[in-house]
Structure formats: C-alpha cells, structure tokens
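Worksheet for the structure shown next.
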Amino acid sequence: MTKLVIGHFYPDLLNLYGDRGNVLALYKRAAGRGFDVEIRQISVGDEINPESLDICFLGGGQDSEQNIMKDDLVNVKGRIIKDMIEDGKVFLTICGGYQMLGKYYKEHDGKMLKCLGAIDYYTEAEKERFINDTIYELELPSGEKVRIVGFENHSGRTYLGKGVEPFMKVITGHGNNGRDGYEGMRYKNAFGTYSHGSLLPKNPEITDMLIELALKKRLGEDYKLPVLDDSTERKARELALSYIENGKEQMI
Ligand code: GLN
C-alpha cells in the first residue's frame with residue numbers, strides 16, 4: 001500500500017482558527033482512497049527527514065508565536081526546507097506560516113522579523129486587520145474555475161516577487177494586501193494562503209490537487225488521483241457561500 005506522510009510543522013505554535021482541520025482533510029481524502037496516511041508532528045528542535053515527507057503543512061500564528069519558531073525555521077530547518085521547495089515538494093502554508101516562507105515580515109510597529117526567504121515575497125503589517133469571510137476564484141489545472149470559501153484574519157500585507165504566481169483571485173475579502181486583487185501564492189508545488197482552518201474541509205478541489213501533486217512526485221507524473229465523493233464538502237461550501245452572499249457570517 002502506498003504511504004503518504006503529512007509533516008505538520010510547529011503544530012503547537014502555528015495553530016490558529018482550526019488550521020489543524022486542513023491536515024485532517026488531507027488525511028481523510030487520502031485515507032478514503034485507500035492510502036496509508038501518517039501525520040507527523042514536527043516542532044522546534046525536531047529533526048526532519050525530507051525524503052519521507054510528502055506534504056508539508058504550516059498553519060497560522062500570532063506575531064509572538066512567529067517570533068518563537070523563526071530561529072528554528074530559519075537557522076536549523078531552513079536549508080532543508082528551501083531544498084525541498086526547489087525540489088517540488090508539496091507545501092501548504094497558511095497566514096503566519098505563509099508569511100514565514102517569504103523574505104521578511106515587518107510588524108506594524110516597525111519591528112523586523114527575518115523570515116526564511118525560500119520564496120520571493122515579503123509582508124508588511126498595517127494597523128487595520130483584515131478580518132472577514134472570503135470568497136476567491138481558483139483556476140484548477142483542468143482550466144475549470146471554482147469559487148473557494150475561506151476566512152482571513154491578518155494585519156500583514158503580502159507582495160509577491162518575480163516568478164511567484166498568485167494562488168487565487170479575490171471576489172470577496174482582501175487577500176494578500178487588499179490592493180492587487182490576488183490571494184496567496186504558488187511557487188513550484190508550494191502554496192500560501194491567508195485562508196484558515198476550513199479551507200480544505202470546504203474546498204475539496206484544493207485538497208485533492210495537493211494530494212495528487214504529492215502522489216505524482218512519488219508515483220510518476222502520469223499519476224491520476226481516483227475520484228472520491230465530495231458531495232458533503234461541496235454542500236458545506238454552498239451553505240457557507242449562501243451565508244456570506246447574504247451578508248451573514250458563514251457560521252460553519
Ligand atoms: N501575525 C500575522 C498577521 O497578523 C499572522 C496572523 C495569522 O496567522 N492569522 O498578519
């Protein structure tokens with residue numbers, strides 16, 4: 001049986017707004033197809049074996065938590081993580097975790113937090129926080145466009161550099177910086193987004209895309225993920241969309 005290992009980085013520090021739900025969604029939709037899935041928790045001081053990891057996940061955290069894990073990320077695990085990203089390993093990073101793979105995060109009082117610099121983008125915080133339910137448009141590898149529902153809560157504004165693509169387009173909400181209409185980033189198979197814990201549970205296309213990318217790396221580029229029923233996840237999204245479009249909080 002093919003094994004799929006999800007590395008959940010800094011789960012004790014980067015864990016806002018149910019971000020663990022994303023890891024559970026990856027687990028459920030891979031295990032539901034018969035894969036043997038392991039979730040490995042990796043925090044400050046833990047060693048990583050890059051060969052054994054298929055999907056790496058970093059959640060969101062407050063500025064104070066980002067300050068705690070940054071030395072371990074930048075000075076201890078940094079070289080290995082940069083090599084994994086260049087090698088096309090699948091990463092999903094959320095909010096604080098997303099910011100930490102870029103060049104730097106400047107807090108709104110001007111304090112500089114040097115980040116990993118694995119990918120060309122930077123983040124500068126402003127006083128006003130962006131806190132709201134969000135709707136984005138994602139173009140799937142097939143060319144089909146889907147509406148993605150999410151929730152954002154951040155003061156950082158992220159600006160993408162050369163060779164880094166936006167992940168999605170903003171329909172409702174602020175996304176990367178509230179100015180350019182884009183949300184998140186994609187570089188090779190590394191993704192960043194400001195959307196928190198309900199991103200994958202309510203948007204199965206993204207979950208499946210990440211699992212398929214990871215399995216292509218393990219089993220060959222021609223690998224196609226078998227279809228798995230996603231009617232419950234889609235129903236949750238439709239309900240959330242209907243709440244947001246009617247000016248209410250999505251509540252689920
Ligand atoms: N500290 C960051 C910000 O406010 C990240 C917050 C988060 O992960 N929700 O921009």
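Each ligand, and each atom within it, is numbered from 1 in the order the structure gives.
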Legend entry - Backbone or side-chain N or O of Tyr17 under 3.5 Å from ligand 1 N or O: no
Inset, instruction - Would you mind running through ligand 1 and noting each atom that sits below 4.0 Å from a heavy atom of Asn153? - result: 6 (C), 7 (C), 9 (N)
Inset, instruction - Let me see the working for Tyr27 and Ile55 under side chain to side chain contact (heavy atoms under 4.5 Å, CB included), right down to the final yes or no. - result: CA-CA 11 Å; Tyr27 179 93; Ile55 302 179; over 6 Å; no
Inset, instruction - Please work out whether any backbone atom (N, CA, C, O) or any side-chain heavy atom from C-beta onward of Asp63 is under 4.0 Å from ligand 1, and answer side chain, backbone, both or neither. - result: both
Inset, instruction - Could you say whether the N/O atoms of Gln62 and ligand 1 ever approach to under 3.5 Å? - result: no
Inset, instruction - Measure the distances from the heavy atoms of Gln99 to every atom of ligand 1 and state whether one is below 4.0 angstrom. - result: yes
Legend entry - Of Leu58, Asn176, Thr123, the residue whose pairing with Tyr98 passes side chain to side chain contact (heavy atoms under 4.5 Å, CB included): Asn176
Legend entry - Enumerated ligand 1 atoms positioned under 4.0 Å from heavy atoms of Gly60: 8 (O)
Inset, instruction - Give a yes/no verdict on whether any heavy atom in Glu152 is under 4.0 Å from an atom of ligand 1. - result: no
Legend entry - Glu183 bridged to Lys169 by N-O distance under 4.0 Å: no
Legend entry - Salt-bridge criterion met for Glu139 and Arg186 (N-O under 4.0 Å): no
Legend entry - Residue Gly96 vicinity, atoms of ligand 1 by number, heavy atom under 4.0 Å: 5 (C), 7 (C), 8 (O)
Legend entry - Distance filter under 4.0 Å to Arg129 heavy atoms, resulting ligand 1 atoms: 4 (O)
Inset, instruction - Examine Tyr17 together with Phe151 and report whether their ring centres are nearer than 6.0 Å. - result: yes
Legend entry - Member of Ile81, Leu14, Asp46 meeting the side chain to side chain contact (heavy atoms under 4.5 Å, CB included) criterion with Phe9: Ile81
Legend entry - Enumerated ligand 1 atoms positioned under 4.0 Å from heavy atoms of Leu16: 7 (C), 8 (O), 9 (N)
Inset, instruction - Before signing off on this row, confirm whether Tyr194 and ligand 1 have an N or O atom pair separated by under 3.5 Å. - result: no
Inset, instruction - Answer yes or no: does an N/O atom from Ile94 fall short of 3.5 Å to an N/O atom of ligand 1? - result: no
Inset, instruction - Say whether Asp12 and Asn15, considering side chains only, have a donor N or O and an acceptor N or O under 3.5 Å apart. - result: no
Inset, instruction - Test Leu116 against every option in Lys77, Met100, Lys82, Lys103 by the side chain to side chain contact (heavy atoms under 4.5 Å, CB included) rule and name the one that passes. - result: Lys82
Inset, instruction - Identify, for atom 7 (C) of ligand 1, the protein heavy atom at the shortest distance, and state residue, atom and that distance. - result: Cys95 SG, 2.8 Å
Legend entry - Under 3.5 Å: N/O of Gly156 near N/O of ligand 1: yes
Inset, instruction - Could you say whether the N/O atoms of His154 and ligand 1 ever approach to under 3.5 Å? - result: no
Legend entry - Lys/Arg N to Asp/Glu carboxylate O, Glu233 vs Lys202, below 4.0 Å: no
Legend entry - Ring-face cation contact, Phe130 with Arg157, 6.0 Å cut, 45° max: yes
Legend entry - Gly61 N/O to ligand 1 N/O under 3.5 Å: yes
